[in-house]
Amino acid sequence: MSEQSPAAALDAATLDAADPLRHFRSRFFDPGAQVVAYLDGNSLGRPLRDTAAYLSEFVAGAWGERLIRAWDEQWMEVPFVVGDRLGQVCLGAAPGQTVIADSTSVLIYKLLRAAVAERPDRVEILMARSDFPTDRYLAEGVAAETGRTIRWLEPPLDSGVSVDLVQEALSDRTAVVLLSHIAYRSGYLADAAAITRAAHEAGAVVIWDLCHSAGALPIELDAWGVDYAVGCTYKYLNGGPGSPAFAYVAAAHQATLRNPLTGWMGAADPFDMIAPFAPATGMRRLLTGTPPVLAMQPLIAMLDLVAEAGMPAIRAKSIALTEFAIELTDGLLARLGVTLSSPRDAAVRGSHITIDHPDFREITLALWDHGIIPDFRPPTGIRLGLSPLSTSFAEVEVGITAIHDELSRRA
Ligand SMILES: *Cc1c(COP(=O)(O)O)cnc(C)c1O
């Protein structure tokens, strides 16, 4: 334990006792004493306690007994049934616009190609330098393939893409705006509704990457008028390592949607096998190959848990967790040279914060050895991902106290 007096107005035990979502923590798998504080639920969400039983039931039932018949009986529809459920519980999306498929990276490629094709006379893709690497790399690839250029926004490291920053860069050259709803490093929460409106006024098409917001705060894709969106299911949606991603295509874009990866599962009749390729109607045309049905199973159970808790309560706890983490950072770490690289205003902050110090690369390794698990983000950041349904205030306190103790030992 640290010798410091309590740094925050309220202590972790009081906050945990008053947390209306506290009982959800017992629904997650208990890793025992070797995990002391898990602060990386935004990179890989924890499994549910019932996930093993649920998977085992799937193996014995649908897969083991129904075998190939299960494709006709239910599996062909699973990407759309689970997509609609995700759309309803987390995305503010009416049915028929969300599908579970591929990885986020592959879906970014598909949607970006489709969106660029909608604006053949426009040359720019608008993105941010602060975006996650795969988004940038894919956009560079698509730009090279399609003869477009990327116009890079340069937001400050500790914040993100404001409406003004986007507004200044938009023009009649802008084909597509591809941005992250929550910045993977700073946690900055972009005003998706206002940016979408501004992009549409400039005649551009919008794609939102929801990897760090899906399951962490309410999203209203239909109400915001978003064209396309994509995101992970293994972060705040606890789908498991490499669980498939989701894509949203607003109904208005579906009839003309051009999937650049035309495979049999996106064809009008996959089992015709003789006719030349013709795209399926609706979201099915975004598919390419056989849907990863096995890998979607843990997500199904997690969506029930999210629905039970409700997104407003999840957002409220998320804000309380990040506020607490910032209070502790100010009280314990600031005087040791640690800086906050995330917004102080909860209204523009997601469910993680990043703090910076030159020693954090080594300190992260030491923390992992002690079962305290945040993640490291270059060049000098520790990112604390606070997953509202599974993270306790005590974990936040233990984690930040351990960072304090490591830094003090080195000073
Ligand atoms: C996690 C993350 C990804 C991951 O993409 P994968 O294809 O699942 O590896 C992409 N974009 C953002 C913004 C992310 O945070």
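Atoms within a ligand are numbered from 1 in the order they appear, just like the ligands themselves.
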Shortest protein heavy-atom distance from atom 13 (C) of ligand 1, along with the residue and atom involved:
Asp209 OD2, 3.2 Å

Mind checking whether [X] contacts ligand 1 via backbone (N, CA, C, O), side chain (CB onward), both or neither, at a 4.0 Å heavy-atom cut-off?
| X | value |
| --- | --- |
| Asp131 | neither |
| Thr104 | both |
| Cys211 | side chain |

Can you tell me if Gln97 uses its side chain to pair, donor with acceptor, with the backbone of Ala251 under 3.5 Å?
yes

Please check: side-chain N/O of Arg49 versus main-chain N/O of Phe28, any donor-acceptor pairing under 3.5 Å?
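Side chain of Arg49 to backbone of Phe28, a donor-acceptor pair under 3.5 Å: no, none is there.
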
Output field: ring centroids [X]/[Y] closer than 6.0 Å:
| X | Y | result |
| --- | --- | --- |
| Phe58 | Trp75 | yes |
| Phe271 | Trp264 | yes |
| Trp224 | His181 | yes |

With sequence neighbours excluded, what pairs up with Phe80 under the ring pair (Phe, Tyr, Trp, His ring centres under 6.0 Å) test?
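Residues passing ring pair (Phe, Tyr, Trp, His ring centres under 6.0 Å) with Phe80: none at all.
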
Ligand-residue contact atoms, ligand 1 with Ser103, heavy atoms, under 4.0 Å
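Taking each heavy atom of Ser103 in turn, ligand 1 has 7 (O) under 4.0 Å.
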
For ligand 1, which atoms, with element, lie under 4.0 Å from some heavy atom of Lys235?
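Taking each heavy atom of Lys235 in turn, ligand 1 has 1 (C), 2 (C), 3 (C), 14 (C), 15 (O) under 4.0 Å.
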
Is the NZ or CZ atom of Lys235 both under 6.0 Å from the centre of the six-membered ring of Phe132 and within 45° of that ring's axis?
yes

I want to know if ligand 1 touches [X] in the polar sense, i.e. an N/O pair below 3.5 angstrom.
| X | answer |
| --- | --- |
| His212 | yes |
| Ser105 | yes |
| Tyr234 | yes |

At a 4.0 Å cut-off, with the gap strictly under it, does some heavy atom of Cys232 reach an atom of ligand 1?
yes

